[in-house]
Asks: 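The structure that follows is given in the form of structure tokens.
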2 protein chains.
Amino acid sequence: MITTTMIVARQYLESHGIRPSQQRIAVMHYLLTHRTHPSVDEIYEGLKGEYSTLSKTTVYNTLKALSESGAVLTLNIAGTMANYDGYVSPHAHFLCTKCNKIYDVELAHTELLGKKLPEGAKIDDIQLYYKGICGRCR
Amino acid sequence: MITTTMIVARQYLESHGIRPSQQRIAVMHYLLTHRTHPSVDEIYEGLKGEYSTLSKTTVYNTLKALSESGAVLTLNIAGTMANYDGYVSPHAHFLCTKCNKIYDVELAHTELLGKKLPEGAKIDDIQLYYKGICGRCR
DNA sequence: AAACAAAATTGTAATGATTACAACTACTAT
DNA sequence: ATAGTAGTTGTAATCATTACAATTTTGTTT
């Protein structure tokens, strides 16, 4: 079944120069409708019911392509595995080290305040990670 | 051979409540004298000549203990593996995605500017990562 | 100093995330 | 329709990290 949010996902892919295959649309759509910063495994488990032939390798390949084109964000906050975020506007993340949930954190300023970045460096990506215990877990 | 910086390493461990074994002193000393944000493997390779019986598991165990006590910082900037920093005062990091070197970045303000952190959360750790291409690699 | 207990170290095996790769399928353009 | 390119799939390999059991070291008590 094709929904309007899947058409959004398709157009989003196209606007990032990524050819919109079934699988890529599905992964992008999953990220746009699950703001939980899922791992590869969660995305794969969430989709394999609907797309019975889907391979985990495809999920990896897709996320790599999406991340390189800037369509999604790769989070390395958890250490053991990557998590993905379909919303790419500047924001930070908070990981609860007890329940392992990742929460979005708004930023006070758009620009992050690095002083003395290495001479002549070109910045492609900025990630601000908070870790701790969330209110529910305390 | 025991040097004065190794005594510093020993005292540093003790001040963090970590029993100063030979191996732990060696790892701590390595981090204090190599400000290169080394990986487990680099530390192990750097030390195994001098400590022939050293095991990589010990390096892992040691870094875990050091990190949990706050004596060292664990960086998850690289994605594939952890890197370690013996200097724990607040600062950010820049990873050159070409040469894979990690540089320190001073912060403009001591406090990092998260707005709307999850209700009632307790923050234990803040990491600010920049990624890009360093001046030498461009 | 000897004996004991607790903690640390070691080597190997297991785990888990990710990547490599080769065969197969789908899409595009002539 | 055909050929060529890009995308997908499943399996096997890789690499970082952890689990674990045996051994060694360290600290404490007698």
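By convention in this document, chain letters (A, B, ...) are assigned in the order of the sequence lines, proteins followed by strands, and residues within each chain are numbered from 1. When reading the values below, keep in mind they use all heavy atoms of this one structure, side chains included, and skip hydrogens, waters and symmetry mates.
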Asks: Over all strands shown, is B/Ser21 touching base, sugar-phosphate only, or nothing at heavy-atom distances under 4.0 angstrom?
Replies: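 If one applies the 4.0 Å heavy-atom cut-off, B/Ser21 turns out to touch the sugar-phosphate alone, with no base involved.
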Asks: Distance-only check: which donor-acceptor pairs under 3.5 Å involve side-chain atoms of residues 58-66 of chain A, not counting sequence neighbours?
Replies:
residue: A/Asn61; atom: ND2; partner: A/Thr57; partner atom: O; Å: 3.4
residue: A/Thr62; atom: OG1; partner: A/Thr58; partner atom: O; Å: 2.8

Asks: Between C/dA8, D/dT9, C/dT10, spot the one nearest the side chain of B/Ser55, thanks.
Replies: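 Selected nucleotide: C/dT10.
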Asks: side-chain contact (heavy atoms from CB on, under 4.5 Å) for B/Val105 and B/Tyr130? Distances and angles first, verdict last.
Replies: CA-CA 9 Å; B/Val105 178; B/Tyr130 295 85; 4.3 Å; yes
Asks: Please report the distance, rounded to the nearest Å, between CZ in B/Arg24 and P in C/dA7.
Replies: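 After rounding, the reported distance stands at 11 Å.
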Asks: Just the rounded figure in Å: distance from P of C/dT9 to CG of B/Leu63.
Replies: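 Rounded to the whole Å, the gap is 12 Å.
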Asks: Any protein N or O atoms within reach of nucleotides 22-25 of chain D? Criterion: under 3.5 Å, listing atom names and distances.
Replies:
none

Asks: Give the table of side-chain donor-acceptor pairs shorter than 3.5 Å for residues 21-28 of chain B, with sequence neighbours excluded, one pair per line with atom names and distance.
Replies:
residue: B/Ser21; atom: OG; partner: B/Arg24; partner atom: N; Å: 3.1
residue: B/Arg24; atom: NH1; partner: B/Arg19; partner atom: O; Å: 3.1

Asks: Side chain of A/Thr58 only, heavy atoms from C-beta on: which candidate in D/dT9, D/dG7, C/dT18 is closest?
Replies: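 The nucleotide sitting nearest to the side chain is D/dT9.
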Asks: Nucleotide by nucleotide, 5' to 3', does protein get under 4.0 Å of the base (B), only the sugar-phosphate (S), or neither (-) in nucleotides 19-28 of chain C, counting heavy atoms?
Replies: BB-------S
Asks: In whole Å, what is the span from the CG atom of B/Leu75 to the C1' atom of D/dT17?
Replies: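 Interatomic distance, CG of B/Leu75 to C1' of D/dT17: 17 Å.
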Asks: Test of understanding: with salt bridge (charged side-chain N to carboxylate O under 4.0 Å, His left out), list the residues that count as partners of B/Glu45, not counting sequence neighbours.
Replies: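 Result, salt bridge (charged side-chain N to carboxylate O under 4.0 Å, His left out) vs B/Glu45: B/Lys48.
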Asks: Send over the distance from B/Leu47 CG to C/dT9 P, rounded to a whole Å.
Replies: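 The distance from CG of B/Leu47 to P of C/dT9 comes to 13 Å, rounded to the nearest Å.
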Asks: Test of understanding: clusters of I, L, V, M, F, W, Y form through side-chain heavy atoms closer than 4.5 Å, transitively. Do A/Ile126 and A/Leu117 belong to the same one?
Replies: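 Yes, same cluster.
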Asks: For residues 4-16 of chain B, please give each side-chain donor-acceptor pair under 3.5 Å, one per line with the distance, not counting sequence neighbours.
Replies:
residue: B/Thr5; atom: OG1; partner: B/Thr3; partner atom: OG1; Å: 3.1
residue: B/Thr5; atom: OG1; partner: B/His29; partner atom: NE2; Å: 2.7
residue: B/Tyr12; atom: OH; partner: B/Ala71; partner atom: O; Å: 2.9
residue: B/Ser15; atom: OG; partner: B/Tyr12; partner atom: O; Å: 2.7

Asks: What's the OH-P distance between A/Tyr84 and C/dA17, to the nearest Å?
Replies: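 A/Tyr84 atom OH is separated from C/dA17 atom P by 12 Å.
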Asks: Hey, what's the ring geometry for A/His93 with A/His37, parallel, tilted or perpendicular (30° and 60° as the breaks)?
Replies: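 Rings of A/His93 and A/His37: perpendicular, as their planes differ by over 60°.
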Asks: To the nearest angstrom, how far is A/Leu13 atom CG from D/dA6 atom P?
Replies: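 So the two atoms are 18 Å apart, to the nearest Å.
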Asks: Separation of B/Gln23 atom CD from C/dA7 atom C1', in whole Å?
Replies: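 Spelled out: CD on B/Gln23 to C1' on C/dA7 is 12 Å.
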Asks: Mind calculating the distance between NZ (B/Lys48) and P (C/dT10) to the nearest angstrom?
Replies: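 Going from NZ in B/Lys48 over to P in C/dT10 covers 14 Å.
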Asks: With the 4.5 Å side-chain cut-off for hydrophobic clustering, are A/Met81 and A/Leu73 part of the same group?
Replies: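 Different clusters: A/Met81 never reaches A/Leu73 through Ile, Leu, Val, Met, Phe, Trp or Tyr contacts under 4.5 Å.
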Asks: With DNA chain C as reference, determine whether B/Gly79 or B/Tyr51 sits nearer its 5' end, using the nearest nucleotide of each.
Replies: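 Result: B/Tyr51.
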Asks: What class does the angle between the rings of B/Tyr129 and A/Tyr129 fall in, given that below 30° is parallel, 30 to 60° is tilted and above 60° is perpendicular?
Replies: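 If you compare the ring of B/Tyr129 with that of A/Tyr129, the planes turn out perpendicular.
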